[in-house]
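Worksheet: the structure to be examined is printed underneath.
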Amino acid sequence: MKYSYHWLKELSGTKKSADALAKLLMTHAFEVEGIEKCSLVPASVIVGKVVKLERHKNADTLRVARVECGKKDTRTIVCGAPNIALEQKVAVAMPGTVLPGGVEIKEATIRGVVSKGMICSAKELGLGDDHSGILVLPEHTPVGALFGKYFGLDDSLIEVKILPDRGSDALSYQGLAREIAALDGHAPHFVKVIPKIAKVPSYNRCPKIKVTYKNGCRRYMGMLFSDISVGESPLWLKIKLLLSGLRPINSVVDVTNYLMLLTGQPMHAFDADTLHGGVTVRPAKKKEKLMLLNGVTYILSPDDMVIADEKRALALAGIMGGSTSSVTEKTKNVFLEIAHFHGPTIRRTRTRHALLTDASYRFERNLDPHRVKEVAREAALLMTTINAGKMMGMRDVYPKEQKEWKITLSLQRIEDVLGEKVPLFEAVQYLALLGLGVKKVSGKNALDVTVPTRRPDLMDEWDLIEEIGRMRGYEKIKACPPFLPLVAGEENQSKRFERFLKETLVASGFDEVMTYSFYGEKEYSLARLPKERHCELENPMSPEQRFLRLSLLPGLLRKTRDNLRYFDALDCFEYESVFSRGAKKGSIEEKKKLSLVTVLPKKNKEQSPFFVLKGKIQSLRALLDISDISFVLPEEQSEKSAIQDMLHPTRRALLVIEGDVVGMIGELHPFVAQGFGLDSRVAVAELDYEKLFAHRLKEAFYVPLQKFPYALRDLSLTFPASFRKRVTVAIVEKFLLDVGAPLLRRVELFDIYEHDDEKSMAFHLSFGAADRTIMSEEMDRAFDAIVMEAKERFEARLRL
Amino acid sequence: MLQKRIIDIETEAKQALTIIKTLPQLEEWEVTYLGRKSALNEILKNLKNLTTEEKRIVGPLGNAVKQRLFQSLATAREAFMEQSIDWDAQAIDVTAPGVFCRDGHLHPITRLTYEIEDIFSSLGFSLADGPEVESEWYNFDALNVPADHPARDMQDTFWLASSESKQKTRNKKQERYLLRTQTSAVQVRYMETHKPPFRIIIPGRIFRNEATDVSHEHTFHQFECLMVDEPGKVSVATFKYIAETFFSSFFGKKVNVRLRPSFFPFTEPSFEFDISCVLCGASGCPVCKQSGWLEIGGAGMVHQKVFEAAGYKRGQYQGFAWGFGLTRLAMMKYKITDIRLLMSGDLRFIRQF
């Protein structure tokens, strides 16, 4: 909220400059978001006095005035206003003045008379809508004074951020002034001038008030004023509203707005002649319609609270008045409402109907029910003076009075929380300055603190300690190391593994990329991901970010395409959470995934992206101490991976560790690649982090080194067409080790190719024993056995 | 006598060495002067026949000369080897590019996270973690931000569609899911399974429903620090100390912390905290807008209601919690001017780190 410095100064009695005040608030109370200088009226508008007035010779409607604007400055001004009169004090815009509306005043000859300036109306000065005549200033206004300065229109606006805890008291001039005075070390000035209680006539004509929405309305006060004159507000009031950013409307509405700014208490004025019978605060009826002041008709529900008469709803309680009962220039009698509405109830309604108003903003911060009466006094005073109304009656429905409450504050607690001793007298002083009642508990090192109802944020010892801490100044607290037993932090193994994983990937050439956690329909359909497993946002930024990602790959593929504008090849990864609907309704599974993308350079035609990425994963496995990963065709596993359909149907494999599927690798399905604007050089993999972590080797054990040399021999097998599809490297390797046992220790594929429908594989075989050097005859026997068995099982023949 | 003889041998040998032109000549020289049958060797072999006094002089001298001659031989041999190779023919252009070996890069946020984790680990803090899709309870209610409270407006929240919500909850209402708006959401989760004393840090990704521009992102990273113990052991003064220690270590220079009053529903007292500007040393510069201070984050003493939500007894424990934007710190540290670069996935950006 932006506060006028002048007004704050007047209410608090501070002597500090605006800048010093801002600094004081920043250090001890609230964040100040800025100070701006503000001049509502230019400095070249001067207070003048009409000393001579004549008819204009050439125009019936115009008059020629001599206006005294200073000791040596009496000038001629042509004026058309009907209300101009001798001896009047007026606002004169000197030639060269640019008025708030943008009009520049120039010396001009009007029908033969030279006019040196202009006598302004309220509208021309931006001080209201009145353009029926010139603005007439109070008699005692000094001639020659700068208009803006004299009337307090040159001001500094201090923007203070009032957070929700203090919304109940500090969203008002009185509240902030009280705070400033406390920080200055004295009582605020405004409490010294409390208006007398308005006299309620014995005939009390105020409509009867009934509250049936008991949870929503704690207190409801109504006052009836008759014979009101609705017109322009006095200058001082308009100025206060304008400086606070509110437009003057009419003298009744202006009074309610002024009091809301001053006290923080919103109120509402009804045209009493539109009311039928008594006033009820009740839940709205189902589908009840109500047209509000903004001209919009709202359809309400019983959760909403309305102010109603015997016939219909009149206003949406605490939020906005209705159009039919509003105060206009024609209004004669006014029913004024000052109430306490329940914050959450107001908040729910204003959220439901998207109606954030100055009133609802304050009510939802739970105002002080006690304050209602204080405000009523001020209101009665202003309604009877400014609006010349007559007080016809008042009613106050307040079934359960809010009492002050007590908190016992131990001095030890203050020291425990702040880390420093605060002397008793200091603590007492700070609390007392804030207007709290403080008494020492006899025989104990504690204080009994009584909290007034305007501070609902002070509920326990810690709340009071905050008040003491900030009043005293947090800069006084000295940093102090803790005295603690020396214990090592609990090690987070998973986080450590995650870091090792990322650092290892980076060392092997991968760049880490971060992308958004959501995408749109386009991504999941392009990536052929199942729609039904996606979780959806209620309020996405845009439809393109409506679904929580099921896989990291769509995001990574988009970024890959972008990056390929600048790079020919790349390896990148993302490690983040993915989300999916769980099996149980309403359950959401969140998992960390590691996704990898490899793009081969355009000129690299001989390598297959699948094998390049596979090789990287295999070396990663070794670095990470993960037991052997096997690459299994998805057809051989019952478990289906979410990204399965994204991959090339005959160039994809599940990653399996000890029978557990940990992820999937493959080249992109050509349709997917095309959809993302990529070509065939891309291979991707997505791994489940938790599973990788679970399969990491926790301990390493030494295996004795081979003492006796291995005997080496190469084997090249050709499989006929009938076996071509069935025989994979994995199958043959397993076959070799089974048949060659125990002497065959290692096999290593060094060549694989297909020709004339046949398939050939060539291996380096290592034979050996742990306890001796084997003889060549032994190796020959083992080798022959392998060849025999290969012929038997796969109809394979030995290539020489 | 023998002394002179030894010195003469050395002089003669060195003389002979200067006129040697080929490697075979050098080998011949070695046999002559250092071989088994060389004069010097003969002298050393016969040491045992000398008197103790002579031994004491001749022995060290003979050995020293022998060492020196070996040294000269090595130098001479190296010179011959050197001459025998045509170095120019083997020359390469060392400024030509090296064999390509792709280097990878961590994301700056990750890099920064690790740096911060290391500092806190050295102070005995552990790492904790929590989900990004969080229940309304842990993100708000348990942190003393009840439904229908204006404090909910302090953070714009992404809610999951109501069809995704859990049916039953502790307050018998439908519990909604959201994308966590703060790493503080992990606080109560952690406290439910741990008993004080503890000190933890929680780095992580968080979400705010805000339009993006140069300085706003709906997805960014935060860092939470939580230290809880019995009353009297962890105070505002402790927080100040830990914060100053951390930032001084992070920036490699003495950093002061300034606390200003603020409000967070889950702490009481609550602070905004600033650090002395690390660029100008608090004397005022454009980065700190001439104030000498940089706004870093929020902090406070954990609200007793948060402890109660975790099942602790009111007043039994006390601690501080603080959080700051990792993203903001990264931008400050690496002088990144557009926040959107962080989530852009642009490798031209990533490869700078």
Side-chain angles (χ1 to χ4, degrees), chain A residues 26-29 31 163-165 167 344 347-348 364-365 416-420 462-463 465-466 469-470 474-475 477-482 487-490 492 495 499 502 505-507 509-517 535-539 541 559 563 566-567 570-571 577 579 586 588 590, chain B residues 102-107 109-110 114 121 124-127 129 131-133 148-151 154 158-167 177 197 209 218-219 231-238 240-241 244 258-263 268-269 271-272 301 304 318 342-343 345-348 350-351:
Chain A
M26 282 284 267
T27 316
H28 297 284
E31 184 155 352
L163 292 168
D165 60 329
R347 184 178 160 83
R348 277 194 293 270
E364 70 176 82
R365 281 157 174 75
D416 283 351
V417 172
L418 297 181
E420 276 190 359
W462 288 267
D463 297 330
I465 293 169
E466 177 169 64
R470 67 180 180 87
Y474 290 127
E475 75 281 357
I477 297 176
K478 284 194 192 73
C480 176
V487 284
E490 184 193 348
N492 188 326
K495 282 277 183 188
R499 179 164 177 177
K502 281 193 183 184
L505 276 166
V506 164
F510 283 87
D511 288 314
E512 186 188 13
V513 164
M514 288 186 184
T515 65
Y516 290 145
S517 301
C535 299
E536 204 176 329
L537 287 179
E538 169 105 28
N539 55 341
M541 293 292 301
K559 301 302 179 192
N563 279 309
Y566 308 104
F567 302 98
L570 57 89
D571 295 304
S577 292
F579 312 88
I588 294 175
E590 178 174 340
Chain B
R102 183 174 292 146
D103 54 334
H105 300 262
L106 282 177
H107 193 281
I109 291 288
T110 304
Y114 293 163
S121 296
F125 282 75
S126 309
L127 268 163
D129 206 356
E132 288 167 16
V133 167
D148 303 319
H149 193 277
M154 292 169 81
F158 281 114
W159 294 94
L160 267 77
S162 52
S163 54
E164 318 284 5
S165 59
K166 225 191 278 180
Q167 293 305 319
Y177 288 111
N209 197 338
H218 53 62
T219 301
K233 290 197 173 159
V234 182
S235 65
V236 178
T238 321
K240 244 184 167 174
Y241 174 82
E244 282 180 1
R258 178 174 80 170
L259 306 181
R260 287 182 286 114
S262 188
F263 165 72
E268 186 74 30
F271 325 107
E272 288 293 333
M301 302 303 287
Q304 291 298 323
Q318 192 177 289
L342 291 162
M343 299 298 288
D346 193 330
L347 295 184
R348 292 172 302 163
I350 301 291
R351 288 183 181 175

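So that the names make sense, note that chain A is the first sequence line, chain B the second, and so on, each numbered from 1. Note: hydrogens, waters and symmetry copies are ignored here, and every other heavy atom, side chains too, is used. Keep in mind that this is a model prediction, so the values were computed, not measured.
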Rounded to the nearest 0.5 angstrom, the CZ-CG distance for B/Arg351 and A/Asp511 is 4.5 Å
What are the two closest heavy atoms between B/Met154 and A/Leu163, and how far apart are they? CE-CD2, 4.1 Å
A/Leu418 vs B/Met301, side chain to side chain contact (heavy atoms under 4.5 Å, CB included): CA-CA, chis, key distance, verdict: CA-CA 9 Å; A/Leu418 297 181; B/Met301 302 303 287; over 6 Å; no
Among B/Pro197, B/Gly124, B/Gly232, B/Ser262, who wins on heavy-atom pairs under 4.5 Å with chain A? B/Gly232
If you round to the nearest 0.5 Å, how far is CD of A/Glu512 from CD1 of B/Ile350? 7.5 Å
Aromatic contact between B/His218 and A/Tyr516, with the criterion being ring centroids under 6.0 Å apart: yes or no? yes
Contact origin within B/Arg348 toward chain A - heavy atom pairs under 4.5 Å: both
Select one option (side chain, backbone, both, neither) describing which atoms of B/Glu244 are under 4.5 Å from chain A's heavy atoms. side chain
Nearest-0.5 Å distance, CE of residue B/Met343 to OG1 of residue A/Thr515: 6.0 Å
With only heavy atoms counted, which part of B/Gln318 is less than 4.5 Å from chain A, the side chain, the backbone, both or neither? side chain
Gap separating the NZ atom of B/Lys240 from the SG atom of A/Cys480, nearest 0.5 angstrom: 11.5 Å
Inter-residue atom distance B/His149.NE2 - A/Arg347.CZ, 0.5 Å rounding: 8.5 Å
In terms of heavy-atom pairs under 4.5 Å with chain B, the winner among A/Ser517, A/Ala507, A/Gly469 is A/Ser517
Might you point out which heavy atoms bring B/Ser126 and A/Glu490 nearest each other, and give the distance in Å? OG-N, 2.8 Å
Can you tell which part of B/Asp103 gets under 4.5 Å to a heavy atom of chain A, answering side chain, backbone, both or neither? backbone
Run the numbers on A/Phe567 and B/Leu347 for side chain to side chain contact (heavy atoms under 4.5 Å, CB included), then give the verdict. CA-CA 9 Å; A/Phe567 302 98; B/Leu347 295 184; 3.6 Å; yes
Between B/Pro261 and A/Ala29 the two heavy atoms that sit nearest each other are CG-N, 3.3 Å
Name the orientation class of the two ring planes belonging to A/Tyr474 and B/Phe271 (parallel below 30°, tilted from 30 to 60°, perpendicular beyond 60°). perpendicular
What part of A/Lys478 lies closer than 4.5 angstrom to a heavy atom of chain B: side chain, backbone, both or neither? backbone
Test item: B/Pro269 and A/Val417 side chains (from C-beta on) under 4.5 Å apart, heavy atoms: yes
In terms of heavy-atom proximity below 4.5 Å to chain B, should A/Asn539 be classed as side chain, backbone, both, or neither? both
Can you say whether A/Glu420 sits under 4.5 Å from chain B via the side chain, the backbone, both, or neither, judging by heavy atoms? neither
For A/Glu466, is there any backbone N or O sitting under 3.5 Å from a side-chain donor or acceptor partner on B/Glu268? no
Answer key: most heavy-atom pairs under 4.5 Å with chain B among A/Pro481, A/Gly167, A/Gly419 is A/Pro481
Please classify the contact between A/Leu570 and chain B as side chain, backbone, both or neither, with a heavy-atom cut-off of under 4.5 Å. both
Proximal component of A/Arg499, with respect to chain B [non-hydrogen, under 4.5 Å]: both
In Å, rounded to the nearest 0.5 Å, how long is the span from CD of A/Glu538 to CG of B/Asn209? 11.0 Å
Steps toward side chain to side chain contact (heavy atoms under 4.5 Å, CB included) verdict (B/Glu272, A/Glu31): CA-CA 9 Å; B/Glu272 288 293 333; A/Glu31 184 155 352; 4.0 Å; yes
B/Val234, part contacting chain A, at a heavy-atom distance under 4.5 Å: backbone
Which of the residues A/Asp571, A/Leu505, A/Asn492, A/Leu537 is involved in the greatest number of heavy-atom pairs with chain B at under 4.5 angstrom? A/Leu537
Any idea which heavy atoms bring A/Pro344 and B/Asp148 closest together, and the distance? CB-CB, 3.6 Å
Checking side chain to side chain contact (heavy atoms under 4.5 Å, CB included) for the pair B/Leu160/A/Cys535: CA distance, chi angles, key distance, verdict? CA-CA 7 Å; B/Leu160 267 77; A/Cys535 299; 4.0 Å; yes
For B/Ser121, which atoms come within 4.5 Å of any heavy atom of chain A: side chain, backbone, both, or neither? neither
So, do B/Glu132 and A/Phe579 sit near enough that their side-chain heavy atoms are less than 4.5 Å apart? yes
With chain A, which of B/Tyr114, B/Phe158, B/Trp159, B/Phe125 has the greatest number of heavy-atom pairs at distances under 4.5 Å? B/Tyr114
